[in-house]
Amino acid sequence: MFSLTVRRHFMIAHSLPREAFGPAQGLHGATFVAEVTFRRHALNADAIVLDIGAAGTIIEDVLAGLNYSNLDDHPDFDGKLTTTEALAEYIAQKVAAQIKDSDDGRELAGIDVTLRENPDAWATYSLDLTA
């Protein structure tokens, strides 16, 4: 299995209005480093998983809809908790939707999104594209 990972960062505001989240129940900001890994079983005809520039553009397009947003007001998250795990899944689904119709996208085995909120804590969502 081959993989390519491209990173970008984005900033959001949100609240997590449940007792389990302690002080994060109130509105607060977060800066995430998003690492998006594209996986495939075999390299393409150009001996790559995916063009790095194209991957970066896709990620930037997806993150543009979140960057500097208050997710409490974002229509895609109405009634949903915007935990790090939930955001990782959301980003993976959006990236997959953007790439699915390209030649390389059809050959991908999976996409993993890791969101690093700080050097000591991160969450990953793995999307299997072969199912």
| query | Which residue pairs satisfy the side chain to side chain donor-acceptor pair (under 3.5 Å) criterion with at least one member in residues 36-53, sequence neighbours excluded? | reply | Thr5-Thr37, Arg39-Asp112, Arg40-Asp104, Asn44-Asp104

| query | What residue pairs, at least two apart or across chains, pass side chain to side chain donor-acceptor pair (under 3.5 Å) with a residue in residues 23-34? | reply | His14-His28

| message | Other members of the hydrophobic cluster containing Leu81, with the 4.5 Å side-chain heavy-atom rule, please. | response | Leu16, Phe21

| field | Co-members of Trp122 in a cluster of I, L, V, M, F, W and Y side chains, linked at under 4.5 Å | value | none

Residues two or more places apart in sequence or in another chain: which of them pass side chain to side chain contact (heavy atoms under 4.5 Å, CB included) with [X]?
| X | value |
| --- | --- |
| Asp78 | none |
| Asp128 | Thr130, Ala131 |
| Glu85 | Thr83, Ala123 |
| Glu117 | Ala30, Phe32, Thr84 |

| note | In short, salt bridge (charged side-chain N to carboxylate O under 4.0 Å, His left out) pairs touching residues 61-77 with sequence neighbours left out are Asp76-Lys94

| task | Decide if atom CD1 of Ile48 counts as having more than 12 heavy atoms of other residues, nucleotides or ligands within a radius under 6.0 Å. | result | yes

| note | Nearest heavy-atom approach of Leu63 to Ala34 is CD1-CB, 4.1 Å

| message | Please list all pairs meeting ring pair (Phe, Tyr, Trp, His ring centres under 6.0 Å) that have one or both residues in residues 53-101, counting only residues at least two apart or in different chains. | response | His74-Phe77, Phe77-Tyr90

| Residue list, side chain to side chain donor-acceptor pair (under 3.5 Å) with Ser3, at least two apart or on another chain | none

| field | Spacing of CD1 belonging to Ile99 relative to CD1 belonging to Ile58, to within rounding of 0.5 Å | value | 4.0 Å

| task | Using the rule that two of Ile, Leu, Val, Met, Phe, Trp, Tyr join whenever any of their side-chain heavy atoms come within less than 4.5 Å, decide whether Leu127 and Val6 are in one cluster. | result | yes

| By salt bridge (Lys or Arg N to Asp or Glu O under 4.0 Å), which residues pair with Arg7, not counting sequence neighbours? | Glu35

